[in-house]
Amino acid sequence: AGGGKVKEGWVPTDLFELTGEMVGRWGGIEDVRADDDNDTIIRIKCGICKRNNKLLPLGKAKEWGREVGHEEIDYIEPGHEMALLWVPSKENDGVKGRSFLVELLLDESENEEDKSRSHFPSDVVDLLDSMSNAAKSMRGVKSLSKVVQDMKNGTMDGFTNEKPNHTLLSWADMDTEARLLNHRRILGDDISTSEYDGLINDRKKKRRALENTWTWDDWLVEVESKLTNGRNSTGEDDNPALHVVLESSIPPWEVELCRELVPEFEYAEAADCIRCLSEDSEESEMDAFDPASDGFGSYIDYLFRRLVGIERSRHGDSNEAGGGSKFLHCVDCRDLGCEHSCVEDSLHKDWNDLLKPEEKEKLIGSGPDATHAHHKDGRCLPDWSHSPEESKLDQLRSSGVLKSDDVDDQDSTPDDGNDLVTFPSMESFFGQCTDIMYYTPNCKIAYAPFLGKCVQSFDNWNAFFSTLFFGGTVHDALSMLDLSSDSCPYLHIRSPIMKFWNAKTGEYEWHKRENEEHDLTLSLLPIKSFLKARGSGPARTWCSNIFASLLECDCEEVRDMAIHTRQWIFRDIAKHCLDPKLSDDEIGGGEWFLAYLRQCHREIYDDIDRSDCAALLRKRYVAGENKRHKIGEITIPSCKEGFQLITKELSRLESISERPALDKKAEVMAKILIDIYMNKLVDASTMIKMAQIISKETKRNIVIVCYMGSVHTRAVCDFFTQPKYGFKKKIFSGKQDWDEEEGRILHLPAELWDFRILFK
């Protein structure tokens, strides 16, 4: 929103505020909590340290720090902070002082002695000691914000409100409003969407008044107003119809809950290879680091909230008005039903209306005597979200064989403030693979056993996916899977139980897996209950139902477009499956190759700069911290070869009686395979949603505006500029490859300020 790169400079702070922000960025409050047996020491350490040998006034010290930072420091690790420490000298009444440019980092270790600080100046050591002391007092706190304030006020034991004998500045965003909001977020303050949206509204009004810069949502409202207000000479409204397609979550009014599709089906306990998944690994500093520098959330969430508000102001409750939006269409089904994807508070009621009345009564603000629900991690959840693994965990706990358990989870009470539940869906079961592989790869899940035992072949996976999402019914898709008693244990991709091999005793131990399931929407394939397209009978997924309805459309062109979409998507899928590395998008891709490096070439993954994974696709060599790596020769197997590897690995696991550890290469190939298909499903959903818009629109001229990621928008362009449809790429504003912090300012031609010109 800055219209250019973020303007950074020296910003006044203090050791408590800076320490709190570093703890928050480290991974949040949860990651710095410690139990009684934890001997790790949290401290603030210094990496780079530059000192000016002259006494300088504070203003000159800032200039010196800026120059040294630009000229002598090439790179600061993600999560580290660059600070300027200025200590006034007693010799000149504090007008001048000692100046230090320091790189600060949070460190956990079991070694009490920090030998690294022995060669630092005493002023820097004093700062490190004070910040380390503050960091230790932030362990296990509920609110970093409150603790920081108590430390500053001197109301917390061990801290006084004496004025420090130094000035501390951090290199940060000079945008005070955005920086302070982001600081509150990092310290754990609950910032409402209304406050966040209000900030955006105020800032964009100022930008438009000062610079005539419009945000995308205001531009959309402006161009739509020209279409709704104009009429021709005869009084008829011959303006084109406007529709908006967002890469955003499917709203609740387009789905409903399907229960007991296969009433006789019963889940089995998870297979040993699922329980034997290793515990979640520690995130790397680059993975754990909170990269946000300009607030929180995302613009598309704000955009979704605004457009939903506009829609409802015109048509009321969409759920009661016949279902479906009038001009807003969301097409990203990968997180369908996930409570964390609900970014609009007004939709909470719509989601809860999918529950039965007795479920709502028991689930919302219910107590432990709920008869239509079960409790998990202090929350009251529907019976259909219950896994047999949770029952097994209770048995292990009651029998006393569970070696570790989080007692706090058992003693916690339901959170009455959270009236949302995650509704299971086929889309989310496969779509969550993307979030895990891209954003939390340290979270251990395994799709390979499901593919190898239940799907069994690459060709059958292709047929299963096509049936599930392109016109077939859920029942027909499930009939393609092996759901026998021997295969049902492999419907799980993660278990709350960890079967741990103790090398010292030569025996297995039962442990409760560390709870990282906030990263996981569904831990097993939802067969007994799942979201289906509203009104579909027999039950179909959201995408499949649209596709099936298009095949029954009276318009031959619409039917043909649906069929062509399926053919085009599976051609593209086949291309990616043949070579996931070389076929990936050179501008917005690289995640598959990065995931493959992490699992199969970890020494390279840990050694190189991974901040631009798309650039890695094109490089022959990459310089690491320790050596130069020849990554150009590293290839990813085809998905068919990967599936063969998976089935071979499952056969190997069946032949051994102990320690069934899943091969890393087999599992990463399973994730890459699923993500290829789910990524292209977003493109397919966009095309068939456009076809549905065309089939239902009564106006002759239609404008469809898409707000999506660049990979998906390029796919839309490629689809419609095929000779079959005759569209041509006539106007391109902006550029394909933007710098990370570059302001996305576009200069639009007249046709995109008045869509009526397009049809003249």
Modelled atom types, side-chain donor and acceptor of [X] and [Y], under 3.5 Å:
X	Y	result
Ser484	Asp482	yes
His243	Glu697	yes
Asn545	Ser536	no

Taking the side chain as every heavy atom from C-beta outward, state whether [X] and [Y] have any pair of such atoms under 4.5 Å apart.
X	Y	answer
Leu257	Leu531	yes
Gln599	Lys671	no
Cys454	Leu491	yes
Asp272	Leu653	no
Asn679	Thr434	no

If I take atom [atom1] from residue [X] and atom [atom2] from residue [Y], how far apart are they, to the nearest 0.5 angstrom?
X	Y	atom1	atom2	result
Ile674	Ile436	CD1	CD1	12.0 Å
Arg513	Ile274	CZ	CD1	9.0 Å
Ser278	Phe500	OG	CZ	10.0 Å
Thr647	Leu451	OG1	CG	10.5 Å

Charged N to carboxylate O under 4.0 angstrom, [X] versus [Y]?
X	Y	answer
Asp301	Arg305	no
Glu390	Arg397	no
Glu654	Lys453	yes

[X] side chain to [Y] main-chain N or O, any donor-acceptor pair under 3.5 Å?
X	Y	answer
Arg566	Phe547	no
Tyr267	Leu525	yes
Ser466	Asn462	no
Gln432	Leu520	no
Glu254	Trp542	no
Lys528	Phe265	yes
Glu649	Asp663	yes
Thr467	Asp476	no
Ser428	Leu336	yes
Glu591	Met437	no

Would Cys488 and Glu266 satisfy side-chain contact (heavy atoms from CB on, under 4.5 Å), going step by step from the backbone distance to the final call?
CA-CA 9 Å; Cys488 274; Glu266 293 294 334; over 6 Å; no
So Ile563 and Leu551, side-chain contact (heavy atoms from CB on, under 4.5 Å) or not? Walk me through it.
CA-CA 8 Å; Ile563 295 170; Leu551 295 183; 3.7 Å; yes
Trace of the side-chain contact (heavy atoms from CB on, under 4.5 Å) decision for Leu483 with Ile527:
CA-CA 10 Å; Leu483 300 179; Ile527 294 177; 3.9 Å; yes
Lys575, Lys680, Arg714 screened by salt bridge (charged side-chain N to carboxylate O under 4.0 Å, His left out) with Asp585, the one that passes
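The residue from Lys575, Lys680, Arg714 that satisfies salt bridge (charged side-chain N to carboxylate O under 4.0 Å, His left out) with Asp585 turns out to be Arg714.
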Can you name the closest pair of heavy atoms from [X] and [Y] and give their distance?
X	Y	result
Ser638	Leu578	CB-O, 3.4 Å
Ser695	Leu550	OG-CD2, 4.2 Å
Leu673	Cys639	CD1-CB, 3.9 Å

Do the two ring centres, one from [X] and one from [Y], sit under 6.0 Å apart?
X	Y	answer
Trp592	Tyr596	no
Trp461	Phe643	no
Phe470	Phe570	yes

With Phe429, which of Tyr447, Phe530, Phe423 fulfils ring pair (Phe, Tyr, Trp, His ring centres under 6.0 Å)?
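With Phe429 as partner, Tyr447, Phe530, Phe423 yield a single ring pair (Phe, Tyr, Trp, His ring centres under 6.0 Å), made by Tyr447.
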Counting only heavy atoms not in Glu279, do more than 12 fall under 6.0 Å of its CD?
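No, CD of Glu279 has 12 or fewer neighbouring heavy atoms, counting only those of other groups under 6.0 Å.
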What do the steps show when you test Leu347 against Phe304 for side-chain contact (heavy atoms from CB on, under 4.5 Å), and what is the final call?
CA-CA 11 Å; Leu347 298 187; Phe304 174 78; 3.7 Å; yes
Does the plane of the ring in Phe464 sit parallel, tilted or perpendicular to the ring in Phe430? Use 30° and 60° as the thresholds.
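Perpendicular, since the angle between the ring planes exceeds 60°.
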Does Lys499 count as lying over the ring of Tyr508, i.e. NZ or CZ under 6.0 Å from the six-ring centre, within 45 degrees of the axis?
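So Lys499 does make the cation-pi contact.
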